Amino acid sequence: MLKQLKQKVYEANMELVRHGLVVYTWGNASGIDRERGLVVIKPSGVKYSELTPESMVVLDLDGRRVEGELNPSSDTKTHLELYREFPEIGGVVHTHSRGAVAWAQAGEDIPCYGTTHADYFAGPVYCTRSLTKEEIDKDYELYTGKVIVETLREHKLNPKHIPAILCRNHGPFTWGRDADEAVYHAVVLEEVAHMAAMTRQIKPDAPDAPESLQMKHFLRKHGKNAYYGQNKPDIQG
């Protein structure tokens, strides 16, 4: 079942290793087949060197295991909450990458200081509030997903425009049209996190990049009038 999606999710998980975003088993990637309403996700606590496409776990959107002998990722409920709330999301990634985790542990949004950030995120990458003790005790992973959704909606964010978030005291989640794009955004987020941290070291009161510059860079890569890359009509002049 879902052979192609399993292969894709397996490759996404291995890409996290190749980019140095995970240590030991600290991370996971998933993807969804929207027509069937089924999610494929990394099994919990399995070394990346031991993963295979066949070891991926298949679940429905209520978390019921449809296929696979291994337990799914401990972060599964967070992934499922994002898939349920945002139909445009086709892949989700969670890591404990150092740069992004540092901002999450500080409880700070990552400001948009420059065009590298603005190329991929239409504004700051927000950090969620802390979970309450009741939320942690009741269903930690589910409420991790819920606080992500809450933060996106509080700031009236389009998940396609800000495809990442920091869970306070925890770490980053990223997403995209599929698992590949979710990994791509995880890689970009880590680079942006390091750049922002270095900017603050050099100039603690550095201002955000001008909004007009931020939007210029975001919109030249995204949206109906985007012109970056080779899939657009030639630009004359």
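The first residue of the sequence shown is numbered 1, and numbering continues consecutively from there. The model shown is predicted, which means the values in this text are computed figures rather than measured ones. What's counted below: heavy atoms across the whole structure, side chains too, no hydrogens, waters or symmetry copies.
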Practice task
Answer yes if Y10 and L70 sit in the same cluster of Ile, Leu, Val, Met, Phe, Trp and Tyr residues linked by side chain heavy atoms under 4.5 Å apart, and no otherwise.
Solution key: yes

Handout entry: Approximate separation, where rounding is to 0.5 Å, of N13 CG and T25 OG1
Key = 11.5 Å

Exercise for the section: Compute the ring centroids of H217 and H117, then answer whether they are less than 6.0 Å apart. Expected result: no

Problem - Path from M195 to I162 over hydrophobic side-chain contacts below 4.5 Å - result: no

Practice task
Keeping the roles fixed (side chain from W175, backbone from P159), state whether a donor-acceptor pair exists under 3.5 Å.
Solution key: yes

Problem - Salt bridge K203-D205, side-chain N to carboxylate O under 4.0 Å - result: yes

Exercise for the section: Inspect the contact between R34 and E88 and indicate whether a charged nitrogen and a carboxylate oxygen are less than 4.0 angstrom apart. Expected result: no

Problem - Heavy atoms of other groups near E50 CD, more than 12 under 6.0 Å - result: yes

Handout entry: Single-linkage hydrophobic cluster V192~Y184, side-chain heavy atoms < 4.5 angstrom
Key = yes

Exercise for the section: Quick one: pull up NZ in K138 and OG1 in T132 and give me the separation to the nearest 0.5 Å. Expected result: 10.0 Å

Exercise for the section: Check for a donor-acceptor pair, side chain of W26 on one end and backbone N or O of T95 on the other, with a separation under 3.5 Å. Expected result: no

Practice task
Mind checking the CG-OG1 spacing from L82 to T174? Nearest 0.5 Å is all I need.
Solution key: 10.0 Å

Practice task
Tell me, yes or no, whether the heavy-atom count around R98 atom CZ, taken from other residues, nucleotides or ligands under 6.0 Å, exceeds 12.
Solution key: no

Problem - Heavy atoms of other groups near M198 CE, more than 12 under 6.0 Å - result: no

Handout entry: Listed once per pair and sorted, the side-chain hydrogen bond (donor to acceptor under 3.5 Å, both in side chains) pairs that draw on residues 35-45, sequence neighbours left out
Key = none

Handout entry: Polar side-chain atom of D60 near backbone of D62 as donor-acceptor pair, under 3.5 Å
Key = yes

Fill in the blank from the handout: Residue pairs meeting ring-ring contact (aromatic ring centres under 6.0 Å, His included), one or both in residues 123-152, sequence neighbours left out, come to Y126-H155

Handout entry: Reported CD-to-OG1 distance for the pair E154 and T128, which is rounded to 0.5 angstrom
Key = 10.0 Å

Fill in the blank from the handout: Here the gap from L213 atom CG to D208 atom CG, rounded to the nearest 0.5 Å, amounts to 11.5 Å

Practice task
Report yes or no: does D33 contribute a side-chain atom to a donor-acceptor pair with the main-chain N or O of G37 at less than 3.5 Å?
Solution key: no

Exercise for the section: Give a yes or no on whether F121 and I165 share a hydrophobic cluster (residues Ile, Leu, Val, Met, Phe, Trp, Tyr; joining criterion: side-chain heavy atoms under 4.5 Å apart). Expected result: yes

Practice task
Verify whether one side chain among Y24 and Y48 offers a donor that lies under 3.5 Å from an acceptor in the other.
Solution key: no

Exercise for the section: Considering only NZ, NE, NH1 and NH2 on the basic side and carboxylate oxygens on the acidic side, decide whether K6 and E54 come within less than 4.0 Å. Expected result: no

Exercise for the section: Check Y83 against G91 and note the closest heavy-atom contact, atom names and distance. Expected result: OH-CA, 3.3 Å

Exercise for the section: Could you tell me whether the side chains of E141 and T78 share a donor-acceptor contact shorter than 3.5 Å? Expected result: no

Fill in the blank from the handout: Test side chain to side chain contact (heavy atoms under 4.5 Å, CB included), reference L59, set V66, T76, V40, L38, output is T76

Practice task
Answer yes when R200 and E108 have at least one side-chain N-carboxylate O distance shorter than 4.0 Å, and no when they do not.
Solution key: yes

Handout entry: Between NZ on residue K224 and CG on residue L219, distance to nearest 0.5 Å
Key = 11.0 Å

Handout entry: Salt-bridge criterion met for E15 and R18 (N-O under 4.0 Å)
Key = yes

Handout entry: Near-ring test H94/H79, centroid separation under 6.0 angstrom
Key = no

Problem - I89 with V149, same ILVMFWY side-chain cluster at under 4.5 Å - result: yes

Handout entry: Polar side-chain atom of S97 near backbone of G99 as donor-acceptor pair, under 3.5 Å
Key = no

Handout entry: Under-4.0 Å salt bridge between E150 and R129
Key = yes

Problem - Any donor-acceptor pair under 3.5 Å from E135 side chain to L131 backbone - result: no

Handout entry: Working for side-chain hydrogen bond (donor to acceptor under 3.5 Å, both in side chains), residues Y227 and K221
Key = CA-CA 6 Å; Y227 58 87; K221 281 194 173 186; over 6 Å; no

Exercise for the section: Answer whether the closest heavy-atom distance between the side chains of V23 and H96 falls below 4.5 Å. Expected result: no

Practice task
For the pair R84 and E81, find out whether any cationic side-chain nitrogen is under 4.0 Å from an anionic carboxylate oxygen.
Solution key: yes

